[in-house]
Chemist: 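Attaching a single structure in structure tokens format; questions to follow.
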Amino acid sequence: MNLALPALVPALPALGAAATLAVGRRSPGLARPLAIVPVAVSAVLALVVAIQLGTGQVLDAATRLTPTGGPEISLAIHLDGYSSLISVLVGLVATCVQVYSTAYLKDDPRYPSYAALVSLFTAAMFLVVYSGDLIVLLVGWEVMGICSYFLIGHHWETEDARSASLKAFLVTKLGDVPFLFGIFLLGADAGSFRIEDVLRAAGDGRLGHPTLIALLLLAGVAGKSAQFPLHTWLPDAMAGPTPVSALIHAATMVAAGIYLVARLLPVFLLSGAALVVLAVMAAVTMIGSALCALAQDDLKRVLAYSTVGQLGYMAGALASGDREASVFHLVSHGAFKALLFLAAGVVIHAAHTNSISAMSRIPGLRKRVPDAYWTMAIALIALIGLPPFSGFFSKEAVLTAAEHAANGEALTNGLGPASAVPQAAGWIVLISAGLTALLTAAYAARLFLVTFHSPAGAALPAAGGAPAVADHEPDAPYSPEPDEADPAVAEPPAMRWPLWVLAVPTMGFGIAGLRSDWLPALLDGGSLKPSAVTAVTGTGLAVVGVLLAYGAWRAATARTTEGLPAPAEPGRVPEQAGAPAAEVIVADPGRALLGPLFGPARHGFGVDRLYSALFVRPVEAAARLVRFLDREVVETYVRGSGAGAELLGRVVRLAQTGNAQTYLSALLAGVVLLAVLVAV
Amino acid sequence: MHLAYPVVLAALLFSVGVYGVLARRNVILVLMSVELMLNAVNLNLVAFDAWLRDSLHAGQALTLFTITIAAAEIGLGLAIVLLLFRARGTADIDRAIALGDPAESTADVDEAPVGTEALKGRATA
Amino acid sequence: MLGTALGSHSTGQTTVTSLAVANPGSLIQSVDWVAIAPPLIAALAALAVLVTDLFLPARHKRWLGRLTAAALALAIVSLLPLIGGSPRATFCAQNVTGATDNAGCSYVADHFALVFQLLALGGALIAALLSAHTVEREELPGGEYWFLLLSSATGAALLPASRDLATLVIALEVASLPAFALVALRRDGRGAEAALKFFLSSVTATAVMLLGIGFVYAASGSLHLGAVATGLEHAPAQLKPLAEAGAVLTLAGFAFKVAAVPFHFWVPDTYTGAPLPVAGYLSVVGKAAGLAGLALVTTIAFRPYAHTWGLVLAVLAAVTMTVGNAGALRQRFDTRYSAVRLLAWSSVGQAGYLLVPLAAAGYAPTTTDPLGATAAYALIYGVVNLGAFGVVAAVGRRSEAGVDDFRGLFARRRWTALALAFFLLCLAGLPPGVIGLFGKVVVFRAAVDAGLGWLAVVMAVNVVVALYYYLRWTAVLFAPAPDAAPAEGAGERAATAPERRLPVSLTATLGLTASVAVVLSVAPQLVLQVVGGSLF
Amino acid sequence: MNAVLIALLVLPLLGAALTLAPVFGPDPAAADRRALRFGTVLTGAVLVLTVALAVGFDHDEPARMQATTDLAWIPAIGVRLHLGVDGVSLPLLVLTSLLTFLCALYSERRLPSGAGVPSARSFVGLFLLLEVGMLATFAVLDLVLFFLAFEIVLIPMYFLIARWGSGAKVPAANRFILYTLLGSAVMLLGFLLVGLKAGTFDMQALAAAHGSGLSHSTQVIAALAIMVGLAVKAPAWPLHSWLPDAHTAAPTVGSVLLAGVLLKMGTYGLVRVLLPVVPDGTTTLAPYLGAFAAVGIVYGSLACLALARTGAKGDLKRLIAYSSVGHMGFVLLGIASLTPVGVNGALFANIAHGLITGLLFFVVGALKDRYGTADLDTLAGATGAALYGRAPRLGALLAFAAVASLGLPGLAGFWGELLAMFGAFDPAEGLSRPAFVTYMVLAGLGTLLTAAYLLIVVRRVCMGDPKQPAPVAELADLRPYEAVSWTPLAALTLLAGLWPALLLGLSDPAVKHLLGGG
């Protein structure tokens, strides 16, 4: 299998990006094909590479990029089952997003720069997936970060986009600095930055202090995959256009962290402590984000918190030593979460608002965007993890892995001794995974019911017919112009087609895990069949979650239809270009389920305020101190020496009185002084 | 005669000369006290020459030269004093201070030398 | 250290012209006329000028200037035969015991003497060229001016070659007395006052020096420098304080001439009061004479007390340059005479740099000879300083040029401004003034080699302080021309500055000094070769 | 080949001399135009010569000194006219001639004019003299000549700032020249101490001796003197206070050269003189240099943060000057680690900083010309200057430069900082490992702070609400001459980022030779 193909996969979108940037301003018409074709071709190439590689094979090839005086940095490729699986996912999602964006941002003047950045992002993601050298991986890693910064800041007219982009880049950069130190430690101990050398060194036990390395790498992963301590940037990143959220903040970039840990799992298996830390991190992320998702009013923020939660799942699987389950869940989650975001995009596009309570008061929303409605339903079912769809299988794989780790025989599939994974990690992951399954079912159901099926929307056709969208009062339900009513306009084909393409893997991909010669053969060969106990408990918890949400929703709608206004909650809605809506929550089961937790959950448990108090304010104080230090202390030294010279000059001039006798007396005094000095 | 007498006398003469130079207001008297100092030195030289019993009599030779130099200097000195008197109308040494450094102007004329530094502080700090 | 150096030169008593008869026993000594040629020519020229002045009508007075310049040139040329081979000594007394065979001689034309005679006579020549224009414009008494200049030059040329204290004193006085008269030649209040201050300070310093010489004579028993050195080594213990005091007092006289710190007060007043070329002459040739005297006295006569006067000179050097530069720093640019006053303070500062290698000679190991650094720096300083005085003469009418008259000179007279900028940067020691930079490098080298680290650092700081006022003056040169309605004072003076071409003598001076400085900048080896070999 | 190197130095010198002669015709306006054109042509010729030198350079043994000329100039004090180029100095030569050519191109259209600004002829003369000083510094192999070249640069830059600058230009120029002169005077003392004790001023011979002829105490004193002198030039933290004033007052072209090349002379001096000649002294002082470097990185970025805050009345050029202090902190950290990795990183960061900060100063200078002021608050207003909307290409270029400056991998800024930190991660033996690891952590924190203030600047300048009232109504986008003179910098930043072997391949063997001393 010649090396041209894998080398071409990351190169093509990069060249496409350059071409789009170059030609974008002069002939916007050309920008669309230049955006879609390279990404699509590279997706196909990724598939070809995957097929050529076949199952259970590892390909390593490298050429020196540069000497450094120490360990060399090389352009290396490390292809195995994981890389081909994820590269195909990335190719698929990226192509869908590019196609989807042509319609979504049809009338946006800055489309060429947007498309170029998405292509550059895809190239960077391919580089991370294929790269065999840690430093080159870091290059792809940070280029992804800067592309997400620019894309989040696409609508730089709005204040939210401006602050969200800055916050996203700084939080990920905060994670990347320890990540770099982790790479240094690995490079120094293994003598080279090549991943195969690092893995061999881990195998021979030549790594000096694995726990420190693992923790440093975890910091980077937490930053990039929005895990507990550094997750605050992802919900705000929803200020970017929805296709960006779909591509970057659902399927690819956030998955890079998990992919890296999967790649370097032997290093992590060397230290039990790191695995426990990973498990605790995953648990807190899962539960916290699920609770927050239950309380959000913005459709995209619900999905963002859901992504954070699902990434917690994958991290939990890794904490229990089974990277197969984690990647299996990663791929299936990538598919259905991308689908959810794109469908959400359609709904937001049609409803001109992000807030689900405002959507709930739009009559007949279901009718207007049927495709989005059905695909969203499928995706939500996959998210909840009910049997037929892929979500069920991948979630069960994670639960089985946790269960095995809990009773001591972790499914490390030959990467390390089963005993390497402490049972505590297994128990933490198992319990939190169960609880999150229930909460996930709850918020998914809440989302679906409130958005599409709230009675107020259906029961108030009469209140419709309000004038055009421009001047409608903040809390009046928005009613569409006549032409937007029929589905053909609300859902242009370019938006509809990708939904169904992504729906296929959402439904079918789960089965691929059943047969041992399909997916497991591609990966490490461990079985991915869910064990009976976890299957039953998992699904049971999911069903209970749905029922709870349904019950709470029924009660809430019953109360509203009798005229009892639900307690008004003027929530701040970071809306997109849609109408500002400080809306009244009509019938929200979340409030009933969460009770007292509803307020804090809505604002992400105050983590943002904590961080600004912990980090931002001390840095600003330090900056003011430095400015004072620079102006007062260093300056006084310099100015002082200048003034010293001036003072001496003034004294010398004063001595120059012009009187000859003063000169003579000074002269003789000097002579006497010298004579005494010498003679004595 | 022991060496001490002429040397002490010379020292006394020299200090009287120094006092005269520093204290007198009239320039001519200052000139006279300078002459005193020179003669004190001559006395010294001659005394040492005798005390050393120098065959080459270098001391006395130098005294001769010093006397001629003193004469020349006084000639010139008086000419200068005469010139000063004719130009300034006074021989008072304290009045001849026209050439001193002009007083510090209150505002610095050219751009304020703020920020300029000789960095003496910097070098020693 | 000097003894060994002198010893290495095997010199015989070379009888030269038929006039001198080698008669060892009798008091009539053979006189080596070629050796004493340079000061002799200058002296004869002085007499010639004095006599011809009587016969020349007023309108031919200019010829005296040309005669003086020719005589000085001839004197410089007469240095050439003495350059090669071994030093030639004359006026020797047989019965003086000294470390080297030349110890007894009063006049030794060795490498050291030749360099400083070149400096003295060269400086005098440039000053003569400079003063041709001033004598004519300020109606100074023609004959007397040239006679005094030549006689002072004779004294300055005699001093470096003299090897006993008496000749040193006489040479110093011969150099100083005409200078008092030169300063007073302008016959106005300012000239008189300047001359008075110069006179009083000089005379007092001479008296102190003679006192010191008396004590040294008492302690060592002889006046010849070589003999004094051996005498001081064997001086009895109770005479040691007397000898050391004598040594310091002797240094006072020369330190006055070099304008070291306690003796520098007369410099600004005298330079501003004196006619411009005289000020230039004093700042270069006067200082060179003082320096030569100091070098001779310290390195030959007081060699046993090397460390004491080494420290004294180091402290003196440090304080002198600091005071000189600090004084110059606060000069105001708008008053009259501020240009000359700034140059006066700058010359005090430069005297500090000149003293550094002398101090280093006290500490230096016997191998290297730091005196070369003083000679080299003095040569560079001489050329450049006289050039600067030349430009000040060209711009200001009498010596009243304020620095503000130079504002925008680049627009009016491009090449004069460039010349002054070049001279100032040489004085500051910054490229494009490359020769100034190498002068400073050589002085730094001497200090570092002798281990005087602290002095080198003080000098570094002083280079920076000095740069400030040199640069401000250079910046004024290139400042935009004074706008339409200048302040009344400056405007009136600037407007009347004659736009016509410079007189021939001034252009000659500026051309000579500028070309010498540029040639030296391109090939510093010409002047720095002095640094390499041992001077004595 | 050595003829090319000599021509490289002589050509601008003759050009500078020529501008003094009235050779450009009587009419001042035409003469100025011709003089500027002459300046561009000459600097272009110098660029062609340097490229020829680079092409002719024998790339597979960059450790050997090539194109050498060795003539005795002043035997009295042992100064030899010794020129030569190796892997360390070649990239710097190319960078200098490139930046000077681009500045000449830029100033042909955009010379700062105004009341009291001298003629373009003297500008070109000073400009060429500046180029001679810069090229000579990198090409010379004799300590005293290095000091001479170091000083040639001072007078032209002083006049560039004092005459063509803006704001409090004369005090800033005075502070620049006096501060740097004191530094170089102290450095001269160090050179003389080494030269006298070792017997020769020739860098190659001294490097070969690798400090054998010098006692330990001499080495420490000499190293201290040289390090202080050079630390003033590459502003190490406590000695940096001349840089912000100089940059705020300097004209655009002056700022580009001051940041692009003059700072590199200091760090180049550290690598060329300090490391090989006084190794023991450097090893004793390295931890302190590392400490000052690390503090410099954090201090510089915090100062920038203070300036970038709204309402802080921060001047954009002053901010970039402080960012230079931060970036040069990385270079000094790399050098202080005394390892091949660290020093390679330092040299790479040198070139990268030259390119990126040159571009930044060009763009900010253009902004200052368009808005009339570089004050961030007036520029940004309440929400931001929305440069993306009003002048998209200019905004994109500023964003590119800012992103490159914060060390985005894939652009030139990353490799220097990476290797410098990796060098500090395991410093040479004999240096205390924990100290250097703390410096590395501080440097890591520095990169985060750098990213913070640069992106704040991008946010306040490039982003913003277009409907917000702007200080300047109509804003011209990228002009053709600006595009021509800036694109090479952006292209090279990208090229050096994607293909670091272009520079590291040259410097690695040379650095191993310098450190190894063999």
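Each chain gets a letter, A, B and so on, in the order its sequence line appears, and its residues count up from 1.
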Chemist: Check each atom of B:V18 against the heavy atoms of chain C and say whether the ones under 4.5 Å are side chain, backbone, both or neither.
Modeler: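 Contact with chain C is absent: no heavy atom of B:V18 under 4.5 Å.
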
Chemist: Only pairs of heavy atoms separated by less than 4.5 Å count here; which of B:N42, B:D49, B:L82, B:V34 has the most with chain C?
Modeler: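 Most heavy-atom pairs within the cutoff with chain C belong to B:D49.
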
Chemist: How close do B:I80 and C:A184 get, heavy atom to heavy atom, and via which atoms?
Modeler: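 Taking B:I80 first and C:A184 second, the nearest heavy atoms are CG1-CB, 4.4 Å.
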
Chemist: Can you tell if the side chain of B:F65 reaches within under 4.5 Å of the side chain of C:V169, non-hydrogen atoms only?
Modeler: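 Sidechains of C:V169 and B:F65: no contact.
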
Chemist: Quick check against the 3.5 Å criterion: does C:Y217 have a side-chain atom that pairs as donor or acceptor with the backbone of B:G59?
Modeler: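 Yes: the side chain of C:Y217 pairs with the backbone of B:G59.
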
Chemist: Any chance you could measure B:I69, atom CD1, to C:I170, atom CD1, to the nearest 0.5 Å?
Modeler: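 Going from the CD1 atom of B:I69 to the CD1 atom of C:I170 covers 5.5 Å.
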
Chemist: Between C:W454 and chain B, with a heavy-atom cut-off of 4.5 Å, which part of the residue counts as in contact: side chain, backbone, both or neither?
Modeler: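 Neither part.
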
Chemist: Between C:G221 and B:L52, which heavy-atom pair has the shortest distance, and what is it?
Modeler: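 For C:G221 and B:L52, the tightest heavy-atom pair comes out as CA-CD1, 3.6 Å.
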
Chemist: Can you tell me which portion of B:V7 sits under 4.5 Å from chain C's heavy atoms? Options are side chain, backbone, both or neither.
Modeler: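 No part of it gets close to chain C.
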
Chemist: What part of C:R190 gets closer than 4.5 Å to chain B, counting heavy atoms only: side chain, backbone, both or neither?
Modeler: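 Contact with chain B involves both backbone and side-chain atoms of C:R190.
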
Chemist: Can you tell me if B:R88 has over 12 outside heavy atoms packed within less than 6.0 Å of its CZ?
Modeler: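 Yes, enclosed.
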
Chemist: Quick check on B:L3 against chain C: is it the side chain, the backbone, both or neither that has a heavy atom closer than 4.5 Å?
Modeler: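 Contact with chain C: none, neither part.
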
Chemist: Which atom names give the shortest non-hydrogen contact between C:L177 and B:E73, and what distance separates them?
Modeler: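 C:L177 and B:E73 have their closest heavy atoms at CD2-CG, 3.2 Å.
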
Chemist: So for C:F265, is it side chain, backbone, both, or neither that comes closer than 4.5 Å to the heavy atoms of chain B?
Modeler: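 The answer is neither part of C:F265.
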
Chemist: Looking only at heavy atoms, which two atoms of B:L45 and C:G214 are closest? And how far apart?
Modeler: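 Closest approach of B:L45 to C:G214, heavy atoms only: CD2-CA, 3.7 Å.
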
Chemist: Using heavy-atom distances under 4.5 Å, tell me whether B:F85 contacts chain C through its side chain, its backbone, both, or neither.
Modeler: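 Interface part for B:F85: neither.
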
Chemist: By a 4.5 Å heavy-atom criterion (distance strictly below it), what part of C:A466 contacts chain B: side chain, backbone, both, or neither?
Modeler: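 C:A466 has no heavy atom closer than 4.5 Å to chain B.
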
Chemist: Measure the spacing between CG of C:L196 and CG of B:L31 and express it to the nearest 0.5 Å.
Modeler: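 Between atom CG of C:L196 and atom CG of B:L31 there are 8.0 Å.
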
Chemist: Give the member of C:L223, C:L211, C:L165 that has the highest number of heavy-atom pairs under 4.5 Å with chain B.
Modeler: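 With the most close heavy-atom pairs to chain B, the winner is C:L211.
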
Chemist: Any chance you could measure C:T206, atom OG1, to B:M37, atom CE, to the nearest 0.5 Å?
Modeler: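 Spacing of OG1 (C:T206) from CE (B:M37) equals 9.0 Å.
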
Chemist: Could you tell me which portion of C:L200 (side chain, backbone, both or neither) has an atom closer than 4.5 angstrom to a non-hydrogen atom of chain B?
Modeler: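 Contact with chain B: side chain only.
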
Chemist: To the nearest 0.5 Å, tell me how far C:E193 CD sits from B:L83 CG.
Modeler: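 Rounded to the nearest 0.5 Å, the CD-CG separation comes to 11.5 Å.
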
